[in-house]
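Below: one structure, written as structure tokens.
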Amino acid sequence: MDVNELADFVDNLKVVKYAYKGNKDVEHVGVIAQQVLEAGAVGKLLVGKDDEGYLTVCFSELVFPLIAAVQALNKRVKELEGK
């Protein structure tokens with residue numbers, strides 16, 4: 001997978017506050033599974049369904065695109081700084 005593709009995918013993710021339907025009193029911060037699917041092809045690798053059929057994001061798998069995105073950004077910064 002191309003590092004720039006992963007960086008673009010991460011750039012398209014939208015971080016939101018949300019609450020589960022059954023527990024509106026507790027807020028969470030994260031990403032919405034449907035939006036992850038729409039953010040790019042990588043999203044299909046990160047979203048699954050639970051036993052009740054709800055879409056879920058595998059956050060442990062999201063770590064690797066994040067690492068690749070940070071690496072791509074660091075490379076861009078070094079190029080811009082002339083290092």
Which pair of non-hydrogen atoms, one from Ala41 and one from Glu5, has the smallest distance, and what is that distance?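 Scanning both residues completely, I find the closest heavy atoms to be CB-OE2, 4.3 Å.
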
So, for Phe9 and Gly40, which heavy atoms are closest and what is the spacing to 0.1 Å?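 Heavy atoms only, the tightest pair is CD1-N, 4.0 Å.
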
For the hydrophobic clusters of this structure (ILVMFWY residues joined by side-chain heavy atoms under 4.5 Å, transitively), does one cluster hold both [X] and [Y]?
| X | Y | answer |
| --- | --- | --- |
| Val47 | Ile32 | no |
| Val10 | Val16 | no |
| Val57 | Tyr54 | no |
| Leu45 | Val36 | yes |
| Phe64 | Leu13 | no |

Distance-only, no hydrogens or angles: does the Asp11 side chain make a donor-acceptor pair with backbone N or O of Ala7 under 3.5 Å?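 A pair under 3.5 Å: no.
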
Does some side-chain heavy atom of Leu62 sit less than 4.5 Å from a side-chain heavy atom of Leu66?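 Yes, close enough: below the 4.5 Å cut-off.
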
Can you find a heavy atom in the side chain of Val31 that is under 4.5 Å from one in the side chain of Lys14?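 Heavy-atom side-chain distance check fails, nothing below 4.5 Å.
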
Test side chain to side chain contact (heavy atoms under 4.5 Å, CB included) on Ile67 and Val63 and set out the steps. CA-CA 6 Å; Ile67 290 170; Val63 170; 3.7 Å; yes

Out of curiosity, [X] [atom1] to [Y] [atom2], how far, rounded to the nearest 0.5 Å?
| X | Y | atom1 | atom2 | value |
| --- | --- | --- | --- | --- |
| His28 | Asn23 | NE2 | CG | 6.5 Å |
| Thr56 | Asp51 | OG1 | CG | 9.5 Å |
| Leu55 | Leu46 | CG | CG | 12.5 Å |
| Lys75 | Leu73 | NZ | CG | 12.0 Å |

Does Tyr18, at its OH atom, have more than 12 non-hydrogen atoms belonging to other residues, nucleotides or ligands within less than 6.0 Å?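 Atom OH in Tyr18 is packed in, count exceeds 12.
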
